[in-house]
Amino acid sequence: MRKITYQEVVDCVATLCQEANYNLGEDVFKAFETALRTEESPVGKDVLQQLVDNANVAAAEHVPMCQDTGTAVFMVEVGQDCHIVGGILSEAINEGVRKGYGEGYLRSSIVGDPLKRQNTGDNTPAVIHTELVEGDQITIHMTAKGGGAENMSDMKMLKPSDGLEGIKNYILDIVKVAGPNACPPLVVGVGIGGNFERCAFLAKKSLFRPIGERNPDKTIANLEEELMGQINRLGIGPQGLGGSTTALDVKIEAEACHIATLPVAVNLNCHASRHQVAIL
Amino acid sequence: MLKTIILPLDNNTVKELRAGDQVRITGTLYTARDAAHKRMAEALKKGQELPFDIKNQVIYYVGPTPAKPGQVIGSAGPTTSSRMDAYTPKLLELGLKGMIGKGYRNNQVKQAIRDYRAVYFAAVGGSAALIAKTIKKVEVVAYEDLGTEAIRKMEVQDFPAIVINDMYGGDYYQEGVDRYRKLGV
Ligand code: SF4
């Protein structure tokens, strides 16, 4: 059985946290470039240009592109033929977050108790999802998820009779209600099916797919494109100031569900779509 | 066209501002977000004074990242304003003249902006590294224990913003979206 040390995980996570916050992904830059060509509103164009400039400054100076450096969310695929020595995985990840956020001058945005609301001071605990997979490697996907867009996310148990139309209307509605609050242009993550908690997870998971990459299922891929077109005709635009770029992409993950249910979750992500991946 | 605005605000400046105006703001402002607003509201309830003289001032809704060595402040873009809506009408009544944040205000805040002749600006959310460059001086003035949520006094120069709600009831979020909407839901 392959061995991976606790410290390797800590160091890897610390780097992911900093990279995610300093360096906007190529996929987002590309999407900005396209949007700068197609955006109809001059104010919207200004905003997009400001976001490109901002991301360039952040990368050049090694500073966070946004002051909300997010909840650190991890999706970890653990190969069942590997073994972590020197400690347990969740502790190693939290240790890495502590190190990455602390040494990287990133903001601590987590309160330890939702009611008492005392800041934990080191951005832990992280949100960690683990999955056992084949092989002897660990793949760590990390996102720094901002609170503004997370707050405008939503989930609903639709009825099977609501069908595709019901799903589309619901998604459009959530984007519309979010308006400027979620920092558009958005990446709209959607989960369809599963059950109550699984559906929300699918919506989050969809956001880990790079912008521009379609769902391999043709029907779902078409739905992503159709929704993208509709969302961009809502007029919300960059920062909600009006325009034709409301979403940079729409991502959908679908899964089996109960005969009586049609859960749909919409997890909005802002333009600061910060994702990193590493393999140990 | 860009308008330059000098802080603290006065009625004459506010009178000239219209929804959609792009502005550059120079002068002194105060930062406060969720936890600081809650404490200010509690202080007022107990009959205590606010930790700074709020008359004619502007509050910027921000929780910056820690400054790196050599920096005045870390990244410092706006946070969502609606979370402060519950506290805002009272502060406007006490003389607050302007707010900078991002996102919608509720009807009570919009009404109070008219009643007390104030203005609500939006800055570009997520443009935090660029905005930080317009912040020249920072001093914590209250609630230091709140860390990023403490009240800070800031000197800004050419801080970029846009007028969303003016004292005449203008609402740029509404106007902007109406102009580009091609799909009704
Ligand atoms: S929604 Fe995103 S871009 Fe906007 S302030 Fe939050 S993290 Fe930053």
Side-chain angles (χ1 to χ4, degrees), chain A residues 21 40-41 43-44 46-47 50-51 53-58 61-69 102 104-109 117 119 121 146-148 151-152 169 172-173 175-176 178-184 229-244 270-272, chain B residues 2 19-20 22 31 33-35 38 61-71 73-83 101-105 122-133 145-149 160 162 164 172-185:
Chain A
N21 277 293
E40 291 169 21
S41 149
V43 177
D46 278 359
V47 168
Q50 195 172 323
L51 294 176
D53 295 347
N54 181 69
N56 283 328
V57 167
E61 299 183 7
H62 264 66
V63 295
M65 64 192 86
C66 185
Q67 80 291 333
D68 183 355
T69 51
Y105 296 90
L106 305 178
R107 195 179 80 179
S108 303
S109 312
R117 305 204 72 82
N119 197 309
N151 268 347
M152 304 314 291
N169 287 338
L172 288 173
D173 220 34
V175 172
K176 210 180 137 201
N181 292 21
C183 283
Q230 289 181 334
I231 288 169
N232 284 334
R233 288 201 294 280
L234 290 173
I236 297 167
Q239 290 297 303
L241 300 169
S244 51
C270 52
H271 56 78
Chain B
L2 284 178
Q22 287 183 276
T31 73
R33 48 170 290 158
D34 310 55
K38 185 157 180 263
Y61 304 138
V62 60
T65 60
K68 279 172 121 175
Q71 274 187 321
I73 193 162
S75 299
T79 193
T80 312
S81 309
S82 58
R83 295 194 316 271
K102 63 158 170 116
Y104 297 127
R105 305 315 303 256
V124 172
S127 180
L130 270 191
I131 289 174
K133 295 199 174 294
D145 62 297
L146 293 180
T148 183
E149 297 205 59
I162 183 163
I164 300 294
Y172 194 66
Y173 284 139
Q174 195 63 53
E175 288 171 29
V177 173
D178 284 348
R179 195 168 310 150
Y180 293 96
R181 183 173 41 225
K182 293 165 194 154
L183 185 77
V185 186

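To find a chain, count down the sequence lines: A is the first, B the second, and so on, and within it residues start at 1.
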Is it the backbone or the side chain of [X] that comes under 4.5 Å from a heavy atom of chain B, or both, or neither?
{"X": "A/L241", "result": "both"}
{"X": "A/T69", "result": "side chain"}
{"X": "A/A55", "result": "neither"}
{"X": "A/N151", "result": "side chain"}
{"X": "A/D68", "result": "neither"}

Original post:
Considering all heavy atoms of both residues, which atom of B/S75 and which atom of B/A132 are nearest to each other, and what is their separation?
Top reply: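 In this case the closest contact between B/S75 and B/A132 is CA-CB, 4.2 Å.
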TODO: Starting at CD of B/Q22, measure out to CD1 of B/I162 and round the result to the nearest 0.5 Å.
DONE: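 Output value for this atom pair is 4.5 Å.
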Does [X] use its side chain to pair, donor to acceptor, with the backbone of [Y] at less than 3.5 Å?
{"X": "B/K102", "Y": "A/G148", "answer": "no"}
{"X": "A/Q239", "Y": "B/G125", "answer": "yes"}
{"X": "B/Y173", "Y": "B/G103", "answer": "yes"}

Taking only residues two or more places apart in sequence, or in another chain, which ones meet A/D46 in a salt bridge (charged side-chain N to carboxylate O under 4.0 Å, His left out)?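 Listed in chain order: nothing, the list is empty.
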Against chain A, label [X] side chain, backbone, both or neither, depending on which of its atoms sit under 4.5 Å from a heavy atom there.
{"X": "B/A123", "answer": "backbone"}
{"X": "B/A122", "answer": "neither"}
{"X": "B/I164", "answer": "side chain"}

- Against chain A, work out which of B/A67, B/G74, B/G101 has the most heavy-atom pairs shorter than 4.5 Å and name it.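 With the most close heavy-atom pairs to chain A, the winner is B/A67.
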